[in-house]
Amino acid sequence: MFTNCSLGHCHIVIAVILWSICVDSRKIRGISLSYKRFYRERKSFLCIDGSKMIPFDQVNDDYCDCMDGSDEPGTAACPNGRFYCTNLGYRSHYIPSSRVNDGICDCCDASDEYRSQTPCQNTCRNLGQRERAEVEGQTRVLGERLRLKQLLIEEGVLTWREKQAQLRDLQRVSDDLQTQLDDLRKEEARRKEEADSLREREIGARDTADNSPTSPYRPESPISVFKELDSNRDGSITVDEVQAKLSPVQDEEHALSEDEAVKSTIWTSMHFEVSSLIKGRRGVPGSLADEDPNIKAAVSAAEKAAADLKRVEDAYETVYMEIRDLREKLSIDYGSEREFLFLHNQCFQLKVYEYIYELCPFSQVTQKSASGEVVSLGKWGSWAGPPENPYCQMRYESGEPCWQGPTRNTMVMLICGTETALRSVKEPSKCQYVMELQTPVSCQPALRQRGIHSEL
Ligand code: MAN
């Protein structure tokens with residue numbers, strides 16, 4: 001390079017090169033836009049921590065003056081200095097100043113190797129493009145997962161509403177049946193009453209007929225006849241009493257013989273017995289009264305309504321318990337979304353080595369060995385995530401006791417994914433299991449494109 005030049009000429013060239021290197025290194029490099037204001041060329045420079053004032057030509061002179069290293073952003077002189085890679089087209093970041101001109105390309109815009117022999121290329125554009133494509137892909141996937149999550153939330157809300165509506169319908173049907181049953185029971189009672197009073201009237205009419213003058217020996221009613229015959233009121237009728245009553249005229253010719261008096265007494269008491277039987281029949285279940293087809297129809301209608309009501313009440317109870325169970329398990333009243341409802345009544349399996357693991361959310365976890373033996377790894381316990389997101393972990397507890405160990409427990413971690421599936425099962429310590437259940441309902445709209453910038 002210097003072969004064709006005179007010595008004086010060479011001196012000038014060398015001086016220019018040295019000066020340009022000096023100026024180059026003094027050029028304020030490695031600072032971000034927001035820090036530029038501290039490095040405006042003036043007579044003096046105030047260290048950014050305010051600890052010291054130095055002449056401005058000591059900035060980037062490869063000698064560390066400020067405690068915070070702020071006077072040497074573009075050199076490796078300060079041990080705590082940091083160099084800002086602007087990296088236009090990609091992500092800006094700081095590197096320790098010690099890496100400046102160390103022969104290794106740290107900044108993708110090559111700004112950290114401004115005086116080294118290493119030929120660094122500016123790769124920021126490519127990196128930025130690649131990362132943007134990646135982020136776009138991830139955003140698309142996340143968008144899809146969030147869309148699925150939304151569908152599951154809607155499905156859950158729908159299921160919940162359906163269950164509530166089912167409960168309301170059952171309540172309504174039960175109320176209607178209760179009213180019907182009440183009416184039928186009233187009708188049954190009315191018909192029985194009617195039948196009873198009809199019988200009363202029949203008996204009354206028969207008694208009147210018995211007492212009529214055309215049948216002098218038929219008493220009006222068994223009790224009154226008895227009373228009349230029992231003249232000494234001792235509660236029994238003797239032949240004498242009957243003879244005295246039925247032959248009032250002291251006429252030997254018409255007086256009853258003893259035999260006639262006995263027959264009459266027997267007849268009276270039989271009449272009394274039969275009448276009492278008829279009277280006692282009133283309202284006795286299984287008695288002749290229930291054979292009345294009118295009453296029988298009313299009884300069976302009421303019985304049918306009672307059976308229907310029982311069926312509906314049982315169904316109501318089942319749905320009511322199911323809702324209560326879901327409400328508690330899913331913590332629906334305490335912030336959980338209904339998206340977890342779709343997990344209810346589903347089971348997920350995964351084979352790991354010789355075991356088939358099965359997770360039935362909100363119910364239980366089991367482990368089936370090759371021999372077919374099924375062991376409980378825990379029953380639904382509670383949500384177990386951290387307070388800020390309790391619904392990202394489930395605890396299943398009190399499974400089968402482990403031989404010479406604790407009872408089996410399982411922790412299920414819910415992770416974001418497109419499909420809902422059991423992704424892994426581990427046993428980090430004996431009989432303590434950890435599962436990963438992947439599902440879109442665990443996706444959060446949190447992934448944000450990290451600060452790629454194309455302008456300063
Ligand atoms: C079975 C399985 C295992 C467990 C051992 C403990 O083999 O349940 O997961 O570690 O029992 O004895």
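As the structure is a prediction and not an experimental result, all values here were calculated from the model. Atoms within a ligand are numbered from 1 in the order they appear, just like the ligands themselves.
- Distance check for C416 and C443: the SG atoms are under the 2.5 Å cut-off.
- Salt-bridge annotation for K192 and E188: present, with a side-chain N of the basic residue lying under 4.0 Å from a carboxylate O of the acidic one.
- Nearest heavy atoms, Y391 versus L330: CE2-O, 4.3 Å.
- Under a 4.0 angstrom heavy-atom cut-off, R408 registers as being in contact with ligand 1.
- Closest to atom 7 (O) of ligand 1, if we only count protein heavy atoms, is Y355 OH, 2.9 Å.
- In this view, Y39 and F45 satisfy the ring pair (Phe, Tyr, Trp, His ring centres under 6.0 Å) rule, not counting sequence neighbours.
- Among protein heavy atoms, the minimum distance from atom 4 (C) of ligand 1 is reached at E427 OE2, 3.5 Å.
- Disulfide status for C107 with C120: absent, SG atoms not under 2.5 Å apart.
- Protein heavy atom at the shortest distance from atom 12 (O) of ligand 1 is K430 CE, 3.8 Å.
- Atoms of ligand 1 found under 4.0 Å from any heavy atom of C402 (numbered from 1 in listed order, with element): 6 (C).
- Between C402 and C431, a gap of under 2.5 Å is found separating the two SG atoms.
- Within ligand 1, the atoms closer than 4.0 Å to a non-hydrogen atom of C431 are 6 (C), numbered from 1 in the order shown.
- What sits closest to atom 2 (C) of ligand 1 on the protein, heavy atoms only, is Q367 OE1, 3.2 Å.
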